[in-house]
Peer 1: 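Shown below is the structure under consideration.
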Amino acid sequence: MGKPSRSTILGFVFIFYTMICLLLLRNCYSSIIGSTKIDGIKVNSKQVNACLGRYIYIHDLPKQFNEDVLENCQLITRKIDKYDTCMYTLNSGFGPRIENSNGILSNSTSWFITDHFFLEVIFHNRMKNYECLTNDSSLASAIYVPFYAGLDLRRHLWGFKPSVRDSSGKNLIKWLLEKPEWEKMRGLDHFLVSGRPSLDFRRQSNSKWGSMFRILPESQNMTMLSVDSQSWSNDLAIPYPTYFHPSKQTEVSEWQERMRRLKREYLFCFVGATRNYGGSIRGSIIGQCKDSSSCKLLDCGDKTTNCYNPVNVMKAFESSVFCLQPPGDTPTRRSTFDSILAGCIPVFFHPGSAYTQYKWHLPKNHTKYSVFIPEKKLRDRRFRINETLLGVSKVEEEAMREEVIRLIPRTVYGDHKSKLEDAFDLAVKGVLERVEKLRGAINL
C-alpha cells in the first residue's frame, strides 16, 4: 500500500479540525444556553424558559409598611381578644404549631393555630421563595407590593380618627409614585394581599368604619387579593388560610385518603355564633340544629365552647356530612375552607359566600361541591334544613364529597418552601394572567 497523497492528508487534517471546532462550539453554546445569569445568579436555561412571563419583582418597602407592624404586634391585639395576637406572628405567619390533636389531625408537623388576618404575612413569605423572582423589574410580568394593609388597619380601627386609618395607605401611594416601576403601567401590574375583606378599605364619606385606601385613584389601578372581594373588578378573592400548611404532596394525599375513609356521625353541623342584626339567619340555623339529633352544633356564642381551638372545629367538621355556611359579618367565611379541608360538603345560603368569588380556586359549577339553600327559605318557620339535606341522594352526596376532597390542595397554603401547587400558586397564576390581559388592553 502506497503513501497517502498530500491532498488526502490535508483532507484528514481538515476533518479533524472541523470536528474539534464543532465540539468547541457546542460547549460554548451549552455554556451560554445551558446556563445563564439572572440578577447575578447562575440558573439553568430550562428554569429561565419556565419563568418567561412569570417573573415577579418584589418592592423593597420601608419597614413601616410591614416589618414594623409585626414588631409592634401588641398594637394589633384588642382588649376583647381571647389571645395575644402576637402569637400568630410565629412560624412566618402560620402561628403556633399544634402539638397534640388527640388523633383528630394527622401526625404531621404541618398543623398550626393560624389566624386568617395573617394571610398577608403568609403570602409575603411564600413570595420570598417564589421560583421566578427577579431583582430586575424590567423583566417582571407583575410587581408585588408587600404592604400588610389589613394588619396595619387593625391597629387603628377602634378609637382613632379616619385620617389616622388612612395615613399608611396614602404614604404607600406616595412612595410607589416615586418609583420607576410605577411608570410602566401606572400601577396596573402591581398587586397586594390582605387578610381582611376588601370592603374594609372602601370607607364611604358617611361611614366611620375602615379606611379609604382602595378608593384612592392610584390604589384602584392595583389589584388587591383578599379573603372577601365583593364585586369590584380590581379586588379578587383568594381562600382564607386554614390550619394545615403541608410541605409535601404525600402529606396532602394521606390526609385526603383519611377524609375519604371517615365515618361521619352527623348529617350536618354548624360552627359559629348568632349575629345581632336584622335579617341574619344564624339564629334560625342554631335553633334547628339544637332541635335535631342529626346536627352537631359548636355554638361559639357559648362561653364554655372553645371555637378558637382548631381541634374542636375540625372534629365537628370531620364528624359531619354537610357543613352549614351562613353569612356572618361578610358573605364569606373562613369556616368554608376549614370544612373543605375536613371533606365536609359546604351548604351555602348566599351566592356571595363562594359562587361569585374564588374564581381561581373553586369550580364554576357549584353544584359539584356544594348545596345551595336560599336565605328566604330559612325565614319560613316550616322549612327544615335536615329534610332538604336528606333529599340529597347517596350517589350525589358521595360525588360532592369526592369533589370537595379533590379541592383540598387548591385551597390550602403550603409550607413556605413547598413545591405543591396550592392556593398560593393558583393566586399568582391568576394575577399574572390578569396583568397580561391588562397589558394587552393598553397595547404595551
Side-chain angles (χ1 to χ4, degrees), residues 73 81-126 129 195 227 238-264 269 271-272 296 298 300 305-320 323 325 333-344 346 361 401 404-427:
C73 57
D81 289 336
K82 191 168 183 177
Y83 298 105
D84 182 354
T85 307
C86 290
M87 76 175 190
Y88 299 116
T89 65
L90 298 174
N91 296 304
S92 302
F94 288 155
R97 197 181 303 275
I98 299 173
E99 301 295 343
N100 181 18
S101 70
N102 296 316
I104 301 302
L105 311 177
S106 59
N107 294 325
S108 78
T109 57
S110 298
W111 294 86
F112 301 82
I113 304 174
T114 302
D115 187 309
H116 73 261
F117 289 120
F118 282 77
L119 174 58
E120 44 217 54
V121 181
I122 294 170
F123 205 96
H124 186 192
N125 283 302
R126 279 295 298 274
N129 291 285
V227 292
I238 59 176
Y240 287 79
T242 65
Y243 307 113
F244 188 38
H245 305 288
S247 59
K248 297 178 292 185
Q249 180 59 49
T250 52
E251 290 182 87
V252 179
S253 300
E254 289 171 4
W255 178 255
Q256 287 176 296
E257 191 55 36
R258 178 173 172 170
M259 293 304 99
R260 290 187 179 99
R261 294 195 307 265
L262 276 181
K263 291 184 179 180
R264 299 175 187 265
C269 76
V271 176
K296 171 66 178 176
L298 201 61
C300 300
T305 302
N306 187 357
C307 290
Y308 291 95
N309 186 337
V311 176
N312 293 344
V313 174
M314 291 300 292
K315 183 179 180 180
F317 290 155
E318 288 177 32
S319 67
S320 308
C323 290
Q325 305 296 350
R333 301 184 74 207
R334 180 243 176 90
S335 172
T336 294
F337 297 97
D338 290 333
S339 68
I340 288 174
L341 178 61
C344 187
H361 299 82
R401 180 162 52 250
V404 167
I405 292 171
R406 280 200 294 260
L407 288 174
I408 291 174
R410 301 174 62 88
T411 55
V412 297
Y413 295 90
D415 177 80
H416 301 312
K417 295 182 180 180
S418 73
K419 300 300 181 181
L420 302 170
E421 184 176 58
D422 61 0
F424 168 84
D425 293 298
L426 293 173

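Computation of the quantities below employed the complete heavy-atom set of this structure, encompassing side-chain atoms and omitting hydrogens, waters and symmetry-equivalent molecules.
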Peer 1: With rounding to the nearest 0.5 Å, note down the distance linking NZ in K296 to OG in S320.
Peer 2: 8.5 Å

Peer 1: Can you tell me how far the CG atom of D415 sits from the CD1 atom of I122, to the nearest 0.5 Å?
Peer 2: 11.0 Å

Peer 1: Can a donor-acceptor pair be found, under 3.5 Å and without considering hydrogens, that links the side chain of R258 to the backbone of L105?
Peer 2: yes

Peer 1: Go through T250 and E254 one step at a time and tell me if the side chain to side chain donor-acceptor pair (under 3.5 Å) criterion holds.
Peer 2: CA-CA 6 Å; T250 52; E254 289 171 4; 4.9 Å; no

Peer 1: When you measure from the side chain of E318 to the backbone N and O of A342, does any donor-acceptor pair fall under 3.5 Å?
Peer 2: no

Peer 1: Identify the heavy atoms of P239 and V227 that sit nearest to each other, and give their distance.
Peer 2: O-CG1, 4.4 Å

Peer 1: Just jot down the salt bridge (Lys or Arg N to Asp or Glu O under 4.0 Å) partners of R410, sequence neighbours excluded, or say none.
Peer 2: none

Peer 1: Would C307 and C300 count as a disulfide pair, i.e. SG atoms separated by less than 2.5 Å?
Peer 2: yes

Peer 1: Using the test ring-ring contact (aromatic ring centres under 6.0 Å, His included), find all partners of H116 that sit at least two apart in sequence or belong to another chain.
Peer 2: Y240

Peer 1: We want to know whether S253 and Q249 form a side-chain donor-acceptor pair, criterion being a heavy-atom distance below 3.5 angstrom.
Peer 2: yes

Peer 1: Can we say the SG-SG distance for C323 and C269 is below 2.5 Å?
Peer 2: no

Peer 1: Go through R126 and D425 one step at a time and tell me if the salt bridge (charged side-chain N to carboxylate O under 4.0 Å, His left out) criterion holds.
Peer 2: CA-CA 9 Å; R126 279 295 298 274; D425 293 298; 3.6 Å; yes

Peer 1: Would you say Y243's side chain and D338's backbone share a donor-acceptor pair under 3.5 angstrom?
Peer 2: no

Peer 1: Parallel, tilted or perpendicular: which describes the rings of F94 and H245, with under 30° parallel and over 60° perpendicular?
Peer 2: parallel

Peer 1: Taking H361 for the side chain and A423 for the main chain, is one N or O donor matched with an acceptor at less than 3.5 Å?
Peer 2: yes

Peer 1: Roughly how far, to the nearest 0.5 Å, is the CE atom of M314 from the OG atom of S339?
Peer 2: 9.0 Å

Peer 1: Quick check: do P409 and Q256 have side-chain heavy atoms less than 4.5 Å from each other?
Peer 2: yes

Peer 1: Looking only at heavy atoms, which two atoms of V404 and C344 are closest? And how far apart?
Peer 2: CG1-O, 3.9 Å

Peer 1: Between H416 (side chain only) and S92 (backbone N and O only), is there a donor and an acceptor less than 3.5 Å apart?
Peer 2: yes

Peer 1: Less than 4.5 Å apart, any side-chain heavy atom of D422 and any of V252?
Peer 2: no

Peer 1: About how many Å separate CG of N309 and CD1 of I104, when rounded to the nearest 0.5 Å?
Peer 2: 10.0 Å

Peer 1: With a 4.5 Å heavy-atom cut-off, do T242 and T114 have their side chains touching?
Peer 2: no

Peer 1: Any side-chain heavy-atom pair from K417 and S247 closer than 4.5 angstrom?
Peer 2: no

Peer 1: Pick from Y413, F118, F424: which one makes a ring-ring contact (aromatic ring centres under 6.0 Å, His included) with F123?
Peer 2: F424

Peer 1: Please output the side-chain donor-acceptor pairs of residues 84-91 that fall under 3.5 Å, not counting sequence neighbours, one pair per line with the distance.
Peer 2:
from, atom 1, to, atom 2, distance (Å)
D84, OD1, T77, OG1, 3.2
D84, OD1, C86, N, 3.0
T85, OG1, T77, OG1, 3.0
T89, OG1, C86, O, 2.6
N91, ND2, G95, O, 2.7

Peer 1: Could you tell me whether R260 and E257 make a salt bridge, using a distance below 4.0 angstrom between a side-chain N and a carboxylate O?
Peer 2: yes

Peer 1: Please check this pair: side chain of N312 against backbone of N306, looking for a donor-acceptor N/O pair closer than 3.5 Å.
Peer 2: yes

Peer 1: Return yes when atom CD of E421 has more than 12 non-hydrogen atoms of other residues, nucleotides or ligands closer than 6.0 Å, and no otherwise.
Peer 2: no

Peer 1: Can you measure from CD (E120) to CG (N125) and round to the nearest 0.5 angstrom?
Peer 2: 12.0 Å

Peer 1: How far does CH2 of W255 sit from CG of L341, to the nearest 0.5 angstrom?
Peer 2: 6.0 Å

Peer 1: Hey, is the main chain of V311 close enough, under 3.5 Å, to the side chain of W111 for a donor-acceptor pair?
Peer 2: no

